[in-house]
Amino acid sequence: MLDLKFVRSNPEKIEEALKKRGGKVSLDSFLKVEAERRRLLAQVETMKAERNAVSQEIGKMKKAGEDAEAKVLEMRELGERIKAIDNNVKELENTLEKELLSIPNIPNESVPVGLTEEDNVEVRRWGEPPKFDFEPKPHWEIGEKLGILDFERGSKVTGARFTFYKGLGARLERALVNFFLDLHTGEHGYTEFFPPFMVHRNSMVGTGQLPKFEEEAFKVEKTDYFLIPTAEVPITNLYREEILDAAEIPLYHCAYSACFRAEAGAAGRDTRGLIRQHQFNKVELVKFTTPESSYDELEKLTNDAEDVLKKLGLAYRVVTLSTGDLGFSSAKTYDLEVWLPSFNTYREISSCSNFEDYQARRANIRFRRGPKGKPEFVHTLNGSGVAVGRTVAAILENYQQPDGSVIVPKVLQKYMGVDVIR
RNA sequence: GGAGAGAUGGCCGAGUAGGUCGAAGGCGCUCGCCUGCUAAGCGAGUAUACGGGCAAAACCUGUAUCGCGGGUUCGAAUCCCGCUCUCUCCGCCA
């Protein structure tokens, strides 16, 4: 959410930013409503001031045994008018809040301007895509053949885009979760959390999934709970409505969670394999920082995620998302894309973003620089560290052998207990 | 799921026959004084949001906030209704 005062005084900046994102939005009506709100607010607050003063007088008069009936009647009538205007103001505020919650974040200056992912800018590459002297297979074929992935039974038991992992497949998934968490807690300084997998509506609003993208989320019937689409939601909302000490931040948190996504509008895309599931596992990195350090922290966070792929020996590249491809709440995002032989291209496996104070304002997460400091909004960041299912896909495809077996990357061998899946 | 108790400022904690309570007191914290050092002591200050004044900061001023929402009333931390959460006991359960 953007600062109302900022919107009020810089509407052209916001309109420009929205345009860069590919929307065309005018703030004219918003500003008109906002001006009306302030007009009415000033009016009703003056009336309340009078009521407070006179009510106090009435109290004194009654105590003194005087007749205050005339003033009581007067105030009764004033009260009616106050109530009417109050309702009016509340209505306008609801309208404004709804609008405000639907305005995306303003992209950072350094974000390349463009309307699609074609306009994303590659920042760097690491590693060499493997060369095969045989026709490499897609991971779903490798997995099925090895008997470690069962897509058909996933569909039978639950539905499309759900999968069973079996044997060393299940173990590989678990090994990756442990490896990711051990790496981030052991070498990168993150504190591990295990969050709830459901959150209430306000938390979803806090990180920006709601109100605009409700059709993307799974709602739990008979409750106000949603299945989390990422651990970003519970972890970022950890400190909602809190004021942190400056000495406490930056906070580095990481968490494993299952992630649930309706993938509305993705029909027909990536229908095979592990790339796009309704349920997948992910280890998420979340940071709470000061405003002045958040962009340095974004670089570090991205490096932390990259370290996972380096240690696994998977070729990847880093791209800066263009304004048009940027997520709703993000000011700047780097995507890590891992090489997938069957796609003959790089595919997203991690997304690392700086939200600046956009989520912090929605979730009301602040910090204080000192005993006399005014509360300020923190900056929040997060990134996948990394998506587990897609990593399984990448390992199966990049480490496949002519005989259909798959070599286990060195760092995973102690978790797997074997060095080859066959 | 049943019964009961509770929710007040950074923390603890007073405050119900409704009025001068944004809220006593204590702790903590900040600044100053005092004191060989430390500790102790003394004094002052110490919530947030949204408006208005101001180019802006400082500052001044108004409104709102005693879990959340609504109601009664000239006036609500105090009365009424609904909800949420916490604690205790019982039941159930991995």
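Everything numeric here is computed off the predicted structure, so don't read it as measured data.
Pairing for A94(B) is absent, judged as Watson-Crick or G-U wobble with the two contacts each under 3.5 Å. Nucleotide A57(B) is matched to nothing when pairs are restricted to Watson-Crick or G-U wobble geometry with both distances under 3.5 angstrom. Figure legend. G22(B) is base-paired to no nucleotide; pairs are counted as Watson-Crick or G-U wobble with both atom distances under 3.5 Å. Pairing of G6(B), defined by two Watson-Crick or G-U wobble distances under 3.5 Å, is identified with C85(B). When Watson-Crick and G-U wobble pairs are counted only if both distances are under 3.5 Å, G62(B) pairs with C50(B). As the counterpart of C37(B), no nucleotide is assigned, since no Watson-Crick or G-U wobble pattern has both distances under 3.5 Å. When both distances must be under 3.5 Å, the Watson-Crick or G-U wobble mate of U30(B) is A44(B). Here U72(B) sits opposite no nucleotide as a Watson-Crick or G-U wobble pair (both hydrogen-bonding atom distances under 3.5 Å).
Mapped onto RNA chain B by nearest heavy atom, Arg37(A) and Gly59(A) fall at different nucleotides, with Gly59(A) at the one closer to the 5' end. Between Ile58(A) and Thr46(A), the residue anchored nearer the 5' end of RNA chain B, judged by the nucleotide with its closest heavy atom, is Thr46(A).
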N/O to N/O distances under 3.5 Å, protein versus nucleotides 45-48 of chain B:
unit_1 : atom_1 : unit_2    : atom_2 : d
U48(B) : OP1    : Arg368(A) : NH1    : 3.0
U48(B) : O3'    : Arg366(A) : NH1    : 3.1

Grab the N/O contacts between the protein and nucleotides 75-78 of chain B below 3.5 Å, and write none if there aren't any.
unit_1 : atom_1 : unit_2   : atom_2 : d
G75(B) : OP1    : Arg51(A) : NH1    : 3.4
G75(B) : O4'    : Ser55(A) : OG     : 3.3

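With both ends at atom P, the span from C33(B) to G25(B) equals 25 Å, rounded to whole Å. Between U72(B) and C11(B), the two C1' atoms lie 35 Å apart (nearest whole Å). Comparing the C1' positions of G9(B) and G22(B) gives a spacing of 9 Å, expressed to the nearest Å. Atom C1' of G91(B) sits at a distance of 36 Å from the matching atom of U78(B), rounded to the whole Å. Spacing of P atoms, A47(B) relative to U30(B), comes out at 15 Å, to the nearest Å. Separating the C1' atom of A14(B) from that of C27(B) is a span of 15 Å, rounded to the nearest Å. Going from the P atom of G52(B) to that of A39(B) covers 47 Å, rounded to whole Å. As rounded to the nearest Å, G15(B) and U20(B) have C1' atoms that lie 15 Å from one another.
In this structure a side-chain-to-backbone donor-acceptor pair under 3.5 Å is present from Arg261(A) to Pro229(A).
Rounded to an integer number of Å, the gap from NZ of Lys48(A) to C1' of U73(B) is 16 Å. Between the CD atom of Glu248(A) and the P atom of G10(B) there is a distance of 14 Å, given to the nearest Å. If you take NZ of Lys62(A) and C1' of C74(B), they are 7 Å apart, rounded to a whole angstrom. Regarding Asn10(A), its CG atom lies at a distance of 13 Å from the P atom of A56(B), rounded to whole Å. Going from atom CE of Met47(A) over to atom C1' of G51(B) covers 16 Å, rounded to whole Å. Atom NZ in Lys63(A) sits roughly 12 Å away from atom P in A17(B) (whole-Å rounding). Following rounding to the nearest Å, Glu97(A) (CD) and C50(B) (C1') show an atom-to-atom distance of 13 Å. Look at CD on Glu34(A): it is 14 Å from C1' on G52(B), rounded to the nearest Å.
Checked for salt-bridge contact, Arg276(A) and Glu263(A) meet the test: a charged N lies under 4.0 Å from a carboxylate O. Salt bridge annotation for Glu45(A)-Arg38(A): absent, with no cationic side-chain nitrogen under 4.0 angstrom from a carboxylate oxygen. Ion pairing of Lys71(A) with Glu57(A) is present here, as a side-chain N (NZ or NE/NH1/NH2) and a carboxylate O approach within less than 4.0 Å.
Between Arg8(A) and G51(B) there is a side-chain N or O to OP1 or OP2 distance below 4.0 Å. Between Lys90(A) and G70(B) there is a side-chain polar atom (N or O) within less than 4.0 angstrom of OP1 or OP2. Distances shown here put every side-chain N or O of Arg38(A) at or beyond 4.0 Å from the OP1 or OP2 atom of G51(B).
Heavy-atom neighbours of Tyr225(A) OH from other residues, nucleotides or ligands within 6.0 Å: at or below the threshold of 12.
Within 4.0 Å of Arg39(A), counting heavy atoms only, lies no atom of the nucleic acid at all. Nucleic acid contact for Leu41(A): sugar-phosphate only, since backbone atoms but no base atoms lie under 4.0 Å from a heavy atom of the residue.
Residues Thr163(A) and Gln277(A) bring a donor and an acceptor atom of their side chains to less than 3.5 Å of each other. No side-chain donor from either of Asn178(A) and Tyr256(A) sits under 3.5 Å from a side-chain acceptor of the other. Checked by atom type, the side-chain pair Asn281(A)/Glu173(A) shows a donor-acceptor distance below 3.5 Å. For Glu299(A) and Tyr334(A), the side-chain atoms include at least one donor-acceptor pair closer than 3.5 Å. Side-chain N/O atoms of Glu356(A) and His379(A) include no donor and acceptor closer than 3.5 Å.
Note that OG of Ser155(A) is 10.0 Å distant from CZ of Phe164(A), once rounded to the nearest 0.5 Å.
Here His184(A) and Tyr252(A) keep their ring centres 6.0 angstrom or further from each other.
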